[in-house]
Protein chains: 2
Amino acid sequence: MKKIAVVLAGCGVFDGAEIHEAVMTLYAIQKNHASFEIFAPDMDQMHVINHLTGQVMPEKRNVLIEAARIARKNIRPLDQLNPDQFDAIILPGGFGVAKNLCSFATGGASMTVLPLLERILRDFHKQNKPIGALCISPVILAKLFPGAKVTIGKDPGTIKHVETMGARHQITSHGEVALDEENLIFSTPCYMLDANIVQIAEGAEHIVQAMLKKM
Amino acid sequence: MKKIAVVLAGCGVFDGAEIHEAVMTLYAIQKNHASFEIFAPDMDQMHVINHLTGQVMPEKRNVLIEAARIARKNIRPLDQLNPDQFDAIILPGGFGVAKNLCSFATGGASMTVLPLLERILRDFHKQNKPIGALCISPVILAKLFPGAKVTIGKDPGTIKHVETMGARHQITSHGEVALDEENLIFSTPCYMLDANIVQIAEGAEHIVQAMLKKM
């Protein structure tokens, strides 16, 4: 059975992992007869957003502890993710990716990637193991792998950033997967488009199925 | 298009709504060509649990604000739920149901139900509109509707509480739905069993489909 590492950026679209994308990714993996383990960095979130009002809350929350809500406790710190033990890695989206896993939310194309995550992704890449990214997560792959083909959907501003970082951008619609055969990089837009939850499930299933074919 | 009210008890299995059950319920509703609106009570959670360790955290969180993470902001306070405007109501599970929506976690069979939720559920019942409950949520229906047939899976201790409250309990396995034709009460065990996420999706889909047939 193929085993996929899932990396979460917290719990909630505005400051963490997008919950529907995360849950549908886990579902797609298991439904397609593969298994998963979930990881998140043990660090403070950039900030905490009140998801009712969109305002910053005067609180601190930890990415790993909050991501454990989605994982139902079955989660490990990101520094325990050993690429040798997995066939692939996948990153669901959410603003937390752009805030906690890299600095895209504040730095745009000048962003940096969390060094621990960078090391892990470069290791999967070196081992020719598929890397999947949903929603905004492909910006991380655009930064780390110059010339990679990715999609973040259709948003012109984000596409410009992705291209500035040296990636080739493919416009996609609901449920479509951009495949970079050479780098084994897979991406799908999910909530980067104005999507509904059925379309998110389709996107997650299509990217997981495409990745499984290359393992 | 049939419209179903979904009530969430927060965000996270140990102190709020069980996230997989909540997401799979929304997915099942939309996949089966119905629509949903999401509600949660505007009140403090009973407590906040660190989902990594299981320990209580010295924090306060609000049920509505946290549930908004699952709802992606598209949520309203429970006091705005007007049963006249919906064809059915459904409650995903999670310990938050037993802690925030009723006092089952501390009171067992002597529990009380959040008065606002009680009024809403009695109104749906009076209007002969289907009421669905996943996981631990059926305890609320056991309390409010004596003689109702419900399932919470197979756990002997919980079954005893349910029967003490005057309900008839039906033992069920993964994905099965207990149907009380007379009261139009539907229940399915989900994570009250040792389930995986594919089984949760099946349970959510089966209960939503069973409810839609009676609308």
Side-chain angles (χ1 to χ4, degrees), chain A residues 10-33 35-36 38 40 42 48-55 57 59-77 94-96 191 195-202 204, chain B residues 10-33 35-36 38 40 42 48-55 57 59-77 94-96 191 195-202 204:
Chain A
C11 177
V13 56
F14 300 128
D15 59 15
E18 206 298 307
I19 292 174
H20 303 183
E21 292 173 1
V23 170
M24 289 305 175
T25 298
L26 303 180
Y27 176 51
I29 292 171
Q30 193 163 68
K31 195 177 164 194
N32 287 279
H33 313 292
S35 69
F36 57 76
I38 308 173
D42 184 4
V48 180
I49 297 288
N50 176 322
H51 278 56
L52 195 61
T53 63
Q55 302 299 303
M57 299 173 87
E59 289 191 19
K60 284 197 170 208
R61 295 190 188 179
N62 175 290
V63 178
L64 174 61
I65 292 172
E66 297 310 315
R69 293 177 175 271
I70 296 174
R72 298 170 47 83
K73 201 176 195 295
N74 302 311
I75 189 167
R76 287 196 288 154
F95 281 102
Y191 280 124
N196 64 39
I197 194 166
V198 170
Q199 292 164 330
I200 299 308
E202 284 169 1
Chain B
C11 177
V13 55
F14 300 127
D15 58 15
E18 207 297 308
I19 291 175
H20 304 184
E21 293 173 2
V23 170
M24 289 305 174
T25 298
L26 302 180
Y27 176 51
I29 291 171
Q30 194 164 67
K31 195 176 162 194
N32 287 280
H33 313 293
S35 68
F36 57 77
I38 308 173
D42 185 2
V48 180
I49 297 288
N50 177 321
H51 278 55
L52 196 60
T53 64
Q55 301 300 302
M57 299 173 87
E59 289 192 18
K60 283 193 173 214
R61 296 189 188 179
N62 175 290
V63 178
L64 175 62
I65 292 172
E66 297 310 316
R69 293 177 175 272
I70 297 174
R72 300 169 45 84
K73 202 176 195 294
N74 302 311
I75 190 167
R76 287 197 287 155
F95 281 101
Y191 279 125
N196 64 40
I197 194 168
V198 170
Q199 292 164 331
I200 299 309
E202 285 169 0

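Throughout, protein chains are lettered first and strands after them, A, B, ... in sequence-line order, and every chain is numbered starting at 1.
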Point to revise | Segment of A/D15 engaging chain B (4.5 angstrom heavy-atom cut-off) | key: side chain

**Study point:** Residue among A/I65, A/I49, A/L26 with most heavy-atom pairs under 4.5 Å to chain B
**Key:** A/I65

Review point. Under a 4.5 Å cut-off applied to non-hydrogen side-chain atoms, are A/R61 and B/R61 in contact?
Key: yes

Check your understanding: Can you find a heavy atom in the side chain of A/N74 that is under 4.5 Å from one in the side chain of A/I38?
Key -> no

**Study point:** Interchain contact, B/R76 with chain A, by part (heavy-atom threshold 4.5 Å)
**Key:** neither

Check your understanding: Which pair of non-hydrogen atoms, one from B/H20 and one from B/E18, has the smallest distance, and what is that distance?
Key -> N-OE1, 2.9 Å

Revision key, fill the gap. side-chain contact (heavy atoms from CB on, under 4.5 Å) filter on A/Y27, not counting sequence neighbours, yields A/M24, A/K31, B/M24, B/Y27, B/I197, B/V198, B/A201

**Study point:** Top of B/K73, B/R72, B/Q30 for chain A proximity - count of heavy-atom pairs under 4.5 angstrom
**Key:** B/R72

